[in-house]
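Here the structure comes first, spelled out in structure tokens, and everything after it is commentary.
Both counts, for ligands and for their atoms, begin at 1 and track the order of listing. All figures in this text were calculated on a predicted structure; none of them were measured in a lab.
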Amino acid sequence: MKVCKFGGTSVASAEQIKKVAAIVGEDTKRKIVVVSAPGKRFNDDIKVTDLLIKLAEASLSTGETEKELQAVVDRYADIAKGLGLDEHIVNIIEEDLRGRLTINRDNRDLFVDQLKASGEDNNAKLIAAYFSSIGMEAEYVNPKEAGLIVSDEPGRARALPEAYENLSNLRDRKGIVVFPGFFGYSRDGVMMTFARGGSDITGSILAAAVNAELYENFTDVDSVFAANPKVVDSPVEIKRMTYREMRELSYAGFSVFHDEALMPAFQRSVPVCIKNTNNPSAEGTMIVAEREYSKSPVIGIAADGGFSTIYVSKYLMNRELGFGRRLLQILEDEYISYEHTPSGIDDLSVIVRSHQLTPEKEARIISRCREELLVDDVYVEHHFAMVVLVGEGMHNTRGLTARATTAISRVGANIEMINQGSSEVSLVFGIQEKDTESVLKELYKEFFSTSAVLGV
Ligand code: ASP
């Protein structure tokens with residue numbers, strides 16, 4: 001059995017959904033179909049999820065929601081019309097949305113989650129109706145009924161262990177299961193969404209639960225590329241990569257596959273294939289437990305901006321028991337998680353995602369470092385980017401860091417930090433955000449130009 005997930009652009013219009021039906025119909029093993037909310041049809045289009053967030057915000061602020069509600073209903077009406085479905089399904093969707101707008105809003109996050117989740121929920125109902133209308137045996141299955149139990153964290157829920165047991169029963173369904181991505185229900189029966197882009201996570205949970213032979217993740221590119229094609233001209237396609245490599249790349253900006261979606265498939269050894277709805281005969285990228293890496297130690301290079309550094313220094317820091325713990329406790333008290341902690345004998349930098357900081361939080365952190373940790377120096381700096389070289393073969397390859405640092409210096413960028421994880425599957429360079437594109441291009445040239453690949 002295969003689980004396939006179709007992302008926002010794959011289900012953005014009637015034309016796209018017809019492609020989905022053809023793909024599902026051509027392989028009888030494609031028994032579970034996870035769908036996103038309708039995404040962008042063209043560059044400046046707005047995803048239905050974003051329309052729904054606007055709707056929730058309008059409802060919470062002015063209470064005037066007709067315009068925002070109509071924008072969402074129109075998207076579904078347009079799709080239904082293109083698929084030759086009658087008004088009935090659109091009425092169901094409109095009624096559902098109006099119902100959601102009347103629910104209790106004491107908890108703002110829960111209210112927004114209810115609306116956000118409707119994007120995939122209603123799309124799954126619509127797609128199941130379409131499949132049936134063209135003679136495919138298909139049914140919409142609700143995550144509550146199927147037992148997708150998640151933690152009580154609106155906007156960033158995680159599946160709980162019992163979810164897998166419950167969802168394994170989907171194996172026994174007769175026809176095709178059309179399942180909405182992006183949300184589950186808490187143990188108390190309250191709807192909670194995953195992080196943004198989280199339909200990938202639903203697909204992976206389902207694939208693990210039913211022990212699928214393959215999890216196919218359909219998107220709008222032929223494969224995962226070795227670097228961002230918006231920055232590097234025609235980067236090479238990655239045919240086969242490991243879970244760890246994908247995890248590292250998606251952490252640092254590869255948006256093809258959600259970083260939280262790897263774990264469920266990995267734990268049950270379900271291979272993942274990234275494929276293109278618009279070109280389904282292309283082979284795609286396989287994500288598996290192992291690959292042959294002697295020829296290409298580096299498989300991809302990712303870069304992501306939006307990092308800040310909290311720098312502290314104190315003479316004899318290395319001898320001070322509990323210094324690091326107390327520093328991280330200050331961050332925990334501000335609900336800040338950290339990414340990297342490069343350190344020297346007497347200094348330590350904590351690298352965090354900038355969106356977690358506010359001027360007030362920064363001021364509190366600085367004054368607590370001074371008053372409680374008695375540091376010699378402390379400051380916060382912004383606008384850093386992390387560039388990550390990823391590849392399972394890196395730990396066996398000598399001279400790789402030298403090549404990378406030389407390439408970075410060639411474009412005149414300063415390396416603010418180097419971090420090699422103990423797994424040695426990635427090598428991270430902290431640089432100024434403004435240098436990101438030039439560094440990425442130069443590193444790509446260093447490791448992927450024809451002469452680099454041929455070793456000449
Ligand atoms: N529709 C959701 C989002 O835009 C989830 C997804 O598409 O995977 O974040």
The protein heavy atom nearest to atom 7 (O) of ligand 1 is Ser36 OG, 3.1 Å
Protein residue, atom and distance nearest to atom 6 (C) of ligand 1, heavy-atom basis: Ser199 OG, 3.4 Å
So for Gly119, does at least one of its heavy atoms come nearer than 4.0 angstrom to any atom of ligand 1? no
Has Gly181 got any heavy atom lying under 4.0 angstrom from an atom of ligand 1? no
Do side-chain atoms of Ser250 reach the backbone of His258 as a donor and acceptor pair under 3.5 angstrom? no
Quick check against the 3.5 Å criterion: does Thr62 have a side-chain atom that pairs as donor or acceptor with the backbone of Glu64? yes
What closest approach, in Å, do Ile134 and Ala21 show between heavy atoms, and which atom pair accounts for it? CD1-CB, 3.9 Å
With heavy atoms of Gly197 as the reference, note each atom of ligand 1 found under 4.0 Å away. 3 (C), 5 (C), 6 (C), 8 (O), 9 (O)
Below the 3.5 angstrom mark, is there an N/O of [X], backbone or side chain, next to an N/O of ligand 1?
| X | answer |
| --- | --- |
| Arg196 | yes |
| Asp200 | no |
| Phe182 | no |

Side chains of Asp78 and Tyr76, donor plus acceptor under 3.5 Å: no
Can you find a side-chain donor-acceptor pair between Gln16 and Ser10 that sits under 3.5 Å? no
With rounding to the nearest 0.5 Å, note down the distance linking CD in Glu94 to CG in Asp96. 10.5 Å
Rounding to 0.5 Å, atoms CZ (Arg30) and CD (Glu216) come to a distance of 4.0 Å
Heavy atom under 4.0 Å from ligand 1: found in Lys116's side chain, backbone, both, or neither? neither
Heavy atom under 4.0 Å from ligand 1: found in Lys47's side chain, backbone, both, or neither? side chain
Out of Leu52, Thr202, Ile201, Thr49, whose heavy atom sits nearest atom 2 (C) of ligand 1? Thr49
Whether Tyr185 and Phe183 hold their rings parallel, tilted or perpendicular, with breakpoints at 30° and 60°: perpendicular
